[in-house]
Amino acid sequence: MDELKDFIRHRREKAAELRSAGINPYANSFRAEHSAAQIAERFAGSTREQIEACTDVFSLAGRVVSLRSFGKAAFVHLQDRSGRLQAYIQKNEIGEESFAVFKKVDIGDFIGVRGRAFLTKSDELTVLASQVCLLTKSLRPLPEKWHGLQDVETRYRQRYLDLIANENVRRTFHARSRIITLIRRFLEEHGFQEVETPMMHPIPGGATAQPFKTHHNALDMDLYMRIAPELYLKRLLVGGLERVFEINRNFRNEGISTQHNPEFTMVEFYQAYATHEDLMGLTETMISGICAEVCGSTTVDYQGTAIDFAAPWQRLSMKEAAARFGNFDPADLENPEKLRSHAAAVGLPLCGRETPGELIAAIFEHVAEPYLVQPTFITHFPVEVSPLARRSEHDPSVTDRFELYIAGREIANAFSELNDPLDQRERFEAQAAAKDRIEGVTGAIDEDFLLALEYGMPPAAGEGIGIDRLVMLLTDAASIRDVILFPLMR
RNA sequence: GAGCCGCUAGCUCAGUCGGUAGAGCAACGGACUUUUAAUCCGUAGGUCGACGGUUCGAGCCCGUCGCGGCUCACCA
């Protein structure tokens, strides 16, 4: 860059002038003892007289986000981690020299302020500065104060600007943090132990999705970024860790959309001696509790629709849901010809080799999923689309599995775990064959996982919850990118 | 990967029928010691996403490409 923009040149010049006057424009000597919110909290409900009678001196540091300068005085708003607070800087309060330094402060700079509190004429709590320190000179102008930063691409690529300019974005990511904390707390209180399992897998498993491939040079070994932690968490059940959970990233080499980011966060948890029925209750309790705590209510507005998280939630079998929303006789789903004709009628592309269970699942996803707005557990998943779930003891064609749908989206997936090593091997082989049949790709079988099962895995149930999607629901975010700090950009 | 929409000053946005590139905020100079989208006077700031074409003349019309958003497909 041979020609600097005026605003950058001006700010560099100011920084240089300060340096030559013996002022470090990147000082780190100021210790803020209070946050904006703490000071506001201190005087919440106080009268003007009470505030002005208080002789406490507060120290506050933050970014200057607005500046209204008069000849020998100025008002600034400082923004810190907790919010904003106004400071009033007067020449005769801080002295001539200090005021000369302050005159070189721009919007965007970090400053520290020390002083007593007062109420302005318009009743705004303000710190009357007795001392002002420049802490960091900003060389670039911030986005505009009134409209903030709107450009979606800039918001994602330069998230720091989005966070500075848009308070609702700060709120969203604060909510995300709280949601994860509450999930962790809930599971720990229920006796679950947090673990970390490999992110790089020799054989990708635990879900059906395209993996990212990578390579370890020293071992000359191909590896895959994990698509799910499931098979490792179950090895821990074999190892006797009866209740485990992991909150971490999964990576799927698939399309990107408002619901899909290539890396996304899931919580997966496994509980020995529990069934998928137990997990439905656990899930209702956990999510409705988190909703109440984060949103202050179990009813939230999501993109203009009210969603009620109060338990209990509706439960429907997949066949019931498919027949109800597809408007046909449930008995048709038991008849292979009628099933296939319904699938064709709703516009599904068919190759002619789909099994009945695959057709039921495809019809369900097509006709019912978008209409499952209120929290709904869908149960009785066909065995063909559930390679890791335990077969139902009442109907061998389905599994003891549920998925949770909210706002037309899959939020959680859970099942009583298949722990019969021979059945598991058959399912893996069927799955590999299906992959070969439909995609012409040979699926690898995780022999090490089957070996673990042969030692005996206690009966258990496991569940995965998509954290990003849950956060979207609880923060009214339209796109998954609005709840991921740095979404993948081309 | 396909379809639709968008890209103009640091930011937010106008730009008429193809005829000299505009505003607000921010910036710069000046005035101003209770403002809060401060106010007042003055100044500066542009590869109109990129390249090519049509035209006497293109921000505007046409084509190719880039980046982004939404929808669809694969997936959670």
Side-chain angles (χ1 to χ4, degrees), chain A residues 3-11 13-14 48 65-77 84-94 99 106-108 118-126 128-129 138-158 161-162 164-166 206-211 227-228 249-268 347-349 362 365-366 369 403-406 408-413 438-439 464-470 472 478-482 487 489-490:
Chain A
E3 268 191 44
L4 287 173
K5 288 285 187 181
D6 280 351
F7 48 81
I8 296 179
R9 190 165 45 78
H10 289 137
R11 288 181 178 219
E13 283 166 7
K14 283 183 189 176
R48 176 180 299 273
V65 291
S66 71
L67 173 61
R68 291 169 297 282
S69 181
F70 301 80
K72 299 181 181 64
F75 288 92
V76 296
H77 274 106
R84 288 184 181 188
L85 196 72
Q86 182 168 258
Y88 184 42
I89 288 101
Q90 280 182 309
K91 187 175 184 176
N92 60 6
E93 283 284 332
I94 66 168
F99 197 75
D106 292 296
I107 292 175
F118 75 107
L119 271 191
T120 63
K121 279 179 183 168
S122 48
D123 295 332
E124 179 164 349
L125 182 66
T126 302
L128 174 61
S138 166
L139 299 182
R140 289 180 185 271
L142 292 182
E144 197 227 14
K145 60 186 170 188
W146 192 242
H147 298 93
L149 181 63
Q150 301 294 328
D151 183 79
V152 179
E153 184 170 0
T154 308
R155 287 185 46 228
Y156 295 153
R157 287 191 193 276
Q158 294 180 274
L161 294 179
D162 195 24
I164 293 166
N166 297 321
T208 52
Q210 292 298 312
I227 56 174
R249 226 66 66 80
N250 291 338
F251 306 88
R252 299 193 183 174
N253 204 342
E254 309 273 358
I256 294 177
S257 77
T258 52
Q259 320 284 326
H260 302 84
N261 195 61
E263 51 180 307
F264 65 102
T265 302
M266 292 255 294
V267 55
E268 280 203 16
L348 294 171
E365 282 172 22
H366 196 264
E369 201 174 301
E403 283 188 352
L404 170 63
Y405 288 86
I406 308 174
R409 299 164 191 178
E410 184 188 336
I411 300 298
N413 177 22
I438 294 167
E439 299 169 36
I465 301 174
I467 302 245
D468 311 278
R469 289 182 177 181
L470 179 62
M472 285 171 70
S479 169
I480 197 168
R481 290 175 159 173
D482 294 325
M489 302 291 278
R490 190 189 295 263

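Lettering follows sequence order; numbering is per chain, from 1.
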A.B. asks: Output the rounded distance in Å from NE2 (A:His147) to C1' (B:A23).
C.D. replies: 12 Å
A.B. asks: I need the CD-C1' distance between A:Glu263 and B:A76, as an integer number of Å.
C.D. replies: 14 Å
A.B. asks: Which part of the nucleic acid does A:Met489 contact within heavy-atom distance under 4.0 Å: base, sugar-phosphate only, or nothing?
C.D. replies: sugar-phosphate
A.B. asks: B:C13 pairs with which nucleotide, Watson-Crick or G-U wobble, both distances below 3.5 Å?
C.D. replies: B:G22
A.B. asks: Is it the case that the base of B:U33 and the side chain of A:Asn92 share a donor-acceptor contact (distance under 3.5 Å, atom types as modelled)?
C.D. replies: yes
A.B. asks: In whole angstrom, what separates A:Gln150's CD from B:U8's P?
C.D. replies: 14 Å
A.B. asks: What contact category does A:Glu410 fall into here, base, sugar-phosphate, or nothing, at under 4.0 angstrom with non-hydrogen atoms?
C.D. replies: sugar-phosphate
A.B. asks: In this structure, how many angstroms lie between the C1' atom of B:C25 and the CG atom of A:Asp106, rounded?
C.D. replies: 15 Å
A.B. asks: On a whole-Å scale, what distance lies between the C1' atoms belonging to B:A21 and B:A9?
C.D. replies: 10 Å
A.B. asks: Base, sugar-phosphate, or nothing: which does A:Gly148 touch, judged by heavy atoms less than 4.0 Å apart?
C.D. replies: sugar-phosphate
A.B. asks: Report the base-pairing partner of B:A38 (Watson-Crick or G-U wobble, both distances below 3.5 angstrom), or none.
C.D. replies: none
A.B. asks: Among B:C28, B:C25, B:U35, which nucleotide has an atom closest to any side-chain atom of A:Thr120?
C.D. replies: B:U35
A.B. asks: Expressed as a whole number of Å, how far does the P atom of B:C25 sit from that of B:A38?
C.D. replies: 9 Å
A.B. asks: Quick check for you: among B:G10, B:C70, B:C74, whose closest atom lies nearest to any side-chain atom of A:Glu254?
C.D. replies: B:C74
A.B. asks: Partner lookup for B:G66, please. Criteria are Watson-Crick or G-U wobble with both distances under 3.5 angstrom; report none if nothing qualifies.
C.D. replies: B:C7
A.B. asks: Contact class for A:Gly255 vs. all strands (heavy atom < 4.0 Å): base, sugar-phosphate, or nothing?
C.D. replies: base
A.B. asks: Phosphate oxygens OP1/OP2 of B:G68: is one of them under 4.0 Å from a side-chain N or O of A:Arg490?
C.D. replies: yes
A.B. asks: Return the value, rounded to whole Å, for the distance between atom CG of A:Leu85 and atom P of B:U34.
C.D. replies: 19 Å
A.B. asks: Under 4.0 Å, heavy atoms only, any strand: does A:Arg84 hit a base, just the sugar-phosphate, or nothing?
C.D. replies: nothing
A.B. asks: Applying a 3.5 Å limit to both distances, which nucleotide forms a Watson-Crick or G-U wobble pair with B:C32?
C.D. replies: none
A.B. asks: Strictly under 4.0 angstrom, non-hydrogen atoms only: write out the protein contact profile of nucleotides 38-45 of chain B, one letter per nucleotide from the 5' end, B, S or -.
C.D. replies: B-----S-
A.B. asks: B:A58 pairs with which nucleotide, Watson-Crick or G-U wobble, both distances below 3.5 Å?
C.D. replies: none
A.B. asks: Within the distance-only criterion (no hydrogens, no angle test), does the side chain of A:Asp162 pair as donor or acceptor with the backbone N or O of A:Tyr156 below 3.5 angstrom?
C.D. replies: no
A.B. asks: So, is A:Ser257 near the phosphate of B:U71, with a side-chain N or O under 4.0 Å from OP1 or OP2?
C.D. replies: no
A.B. asks: Whole-Å distance between B:A27 C1' and A:Ile107 CD1?
C.D. replies: 10 Å
A.B. asks: At 4.0 Å (heavy atoms only), tell me whether A:Tyr156 reaches a base, stays on the sugar-phosphate, or touches nothing.
C.D. replies: sugar-phosphate
A.B. asks: Measure up the A:Phe75 and A:Phe70 rings against each other and bin them: parallel (under 30°), tilted (30 to 60°), perpendicular (over 60°).
C.D. replies: perpendicular
A.B. asks: Provide the distance between the two C1' atoms, one in B:G52 and one in B:G66, to the nearest whole Å.
C.D. replies: 15 Å
A.B. asks: What residues, two or more places apart in sequence or in another chain, satisfy side chain to side chain contact (heavy atoms under 4.5 Å, CB included) together with A:Ala74?
C.D. replies: A:Leu67, A:Ser69, A:Phe102
A.B. asks: What integer number of Å spans the P atoms of B:U47 and B:C60?
C.D. replies: 16 Å
A.B. asks: Expressed in whole Å, how much space separates the P atoms belonging to B:C62 and B:G6?
C.D. replies: 12 Å
A.B. asks: Within this structure, what is the CZ-to-P distance between A:Arg140 and B:A27, rounded to whole angstrom?
C.D. replies: 16 Å
A.B. asks: Which part of the nucleic acid, if any, lies within contact of A:Glu93, taking any heavy atom under 4.0 Å across all strands shown: a base, the sugar-phosphate backbone alone, or nothing?
C.D. replies: nothing
A.B. asks: If stacking means aromatic ring centre less than 5.5 angstrom from the base's six-membered ring centre, planes under 30°, is A:Phe7 stacked on B:G10?
C.D. replies: no
A.B. asks: Assign A:Gln259 to base, sugar-phosphate, or nothing according to its heavy-atom contacts below 4.0 angstrom with the strands shown.
C.D. replies: base
A.B. asks: B:A58 and B:C48: how far apart are their C1' atoms, nearest whole angstrom?
C.D. replies: 11 Å
A.B. asks: Would you indicate which nucleotide in B:A27, B:A76, B:U35 comes nearest to any side-chain atom of A:Arg469?
C.D. replies: B:A76
A.B. asks: When rounded to the nearest 0.5 angstrom, what distance separates CG in A:Leu119 from CD in A:Gln86?
C.D. replies: 10.5 Å
A.B. asks: Tell me if the side-chain of A:Glu124 makes a donor-acceptor pair with the base of B:U35, cut-off 3.5 Å, by modelled atom types.
C.D. replies: no
A.B. asks: Under a 3.5 Å distance rule, please check whether A:His366 uses its side chain to pair with a backbone N or O of A:Ala362 as donor and acceptor.
C.D. replies: no
A.B. asks: Mind calculating the distance between CZ (A:Arg9) and P (B:G10) to the nearest angstrom?
C.D. replies: 14 Å
A.B. asks: What distance, rounded to whole Å, do you find between the two P atoms, one in B:A27 and one in B:G10?
C.D. replies: 15 Å
A.B. asks: Counting any heavy atom closer than 4.0 Å, what does A:Asp123 reach on the DNA or RNA strands: base, sugar-phosphate only, or nothing?
C.D. replies: nothing
A.B. asks: Checking A:Arg155 side chain against A:Leu161 main chain: does a donor-acceptor pair fall under 3.5 Å?
C.D. replies: no
